[in-house]
Every structure is written in C-alpha cells, then in structure tokens.
Novice: 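First the structure, then my questions, so here it is.
Read the numbers this way: they start at 1 and go in the same order the structure lists the ligands and their atoms.
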Amino acid sequence: MTAARQPFATAGVPDASVVSETFISPDIEMDLGAPTATGPFEVKLRASCIVAEWTAKHGTLLDLAEANGIVAPSHCRAGLCGTCRTTVHSGDTESLTGAATHDATILTCCSAPLGPVELDL
Ligand code: FES
C-alpha cells in the first residue's frame, strides 16, 4: 500500500486526496515476532473493568482480552485494517510486526506489553 501511494506523494498530490482501501484474504497467515518481554505483567482493561495477567504464552493483547471474555473489535488480525486499534492510557507496548507507533494507540491484534499497561478496552 505504501509503495502504491508513494508516486502520488512524489508528484505532490496531497495525501488526503488519495483514497485507498485494504482488502484482506481470510487465509492470511500472520508472522508475528516473539515478544521482547515475557511478563508476567498486569493488564488493565479499563472499559471492561478487568485486570488480567499477561505472559508471553497469552499471545497478543487482543488474545488476552478475548481470553478474558471481552468481545473486542477486530477483523484482519494482521495489523492491516485498524479495527482493533485502542488507546493506551499507561504503560509501554511493542508491535510484534515491527511497525512504529506514532501516538497513544496500538493495534491489539499484533501488540504485546513491555510492562504493566492500561488499555481502553
Ligand atoms: S484486527 Fe485488523 S489491524 Fe488488528
């Protein structure tokens, strides 16, 4: 997607004028890296009033939320659609896809904590 958008940026077309949509194969295989930290870390899911313990065996923060009964928004589970994006109120996380984070939100389908965190789930 980035490669497809680059020629427009080079030609001076404002980014807001370029419309794109991501289509995802239901058979997509996500190759997530292993989390840097192994835990255990406390994960507060603020909107659900749940406090859970994460360790590397729990997988992503989306996996942990679902294991605790939360029906969290998700779609591609591959870090592409943004459906699982949520706000981090406190703590540090890492993207298991290596994608950089530019604000206080994360994609829970491909993120793991680096310590205690509080999410808006
Ligand atoms: S579910 Fe699509 S980016 Fe997370």
Novice: Show the atoms of ligand 1 that are less than 4.0 angstrom away from any heavy atom in Cys81.
Specialist: 1 (S), 2 (Fe), 3 (S)
Novice: Does Cys84 put an N, O or S atom under 2.8 Å from atom 2 (Fe) of ligand 1?
Specialist: no
Novice: Walk me through whether Ile106 and Thr86 qualify under side chain to side chain contact (heavy atoms under 4.5 Å, CB included).
Specialist: CA-CA 6 Å; Ile106 60 167; Thr86 195; 4.1 Å; yes
Novice: I want to check something: taking the side chain as every heavy atom from C-beta on, are Thr105 and Val88 in contact at a cut-off of under 4.5 Å?
Specialist: no
Novice: Tell me whether Cys109 has at least one N, O or S atom under 2.8 Å from atom 2 (Fe) of ligand 1.
Specialist: no
Novice: Out of all atoms in ligand 1, which are within 4.0 Å of some heavy atom of His75? Include the element for each.
Specialist: 1 (S)
Novice: If two hydrophobic side chains count as joined below 4.5 Å and joins carry through other members, does Leu45 share a cluster with Leu64?
Specialist: yes
Novice: Which of the atoms of ligand 1 are close to Gly82, meaning less than 4.0 Å from one of its heavy atoms?
Specialist: 2 (Fe), 3 (S)
Novice: Under a 4.5 Å side-chain heavy-atom rule over Ile, Leu, Val, Met, Phe, Trp and Tyr, are Ile70 and Val117 clustered together?
Specialist: yes
Novice: Relative to the heavy atoms of Gly79, which atoms of ligand 1 are at a distance of less than 4.0 Å?
Specialist: 3 (S)
Novice: One residue to check: Leu80. Relative to ligand 1, which of side chain, backbone, both or neither has a non-hydrogen atom less than 4.0 Å away?
Specialist: backbone
Novice: Report all side-chain donor-acceptor pairs from residues 50-57 shorter than 3.5 Å, counting only partners two or more places apart or in another chain.
Specialist:
from  : atom 1 : to    : atom 2 : distance (Å)
Trp54 : NE1    : Gly59 : O      : 2.8
Thr55 : OG1    : His58 : ND1    : 3.2

Novice: Are Pro113 and Leu61 close enough that some pair of their side-chain heavy atoms sits under 4.5 Å apart?
Specialist: yes
Novice: Considering only heavy atoms of Arg77, which atoms of ligand 1 have at least one such atom less than 4.0 Å away?
Specialist: 1 (S), 2 (Fe)
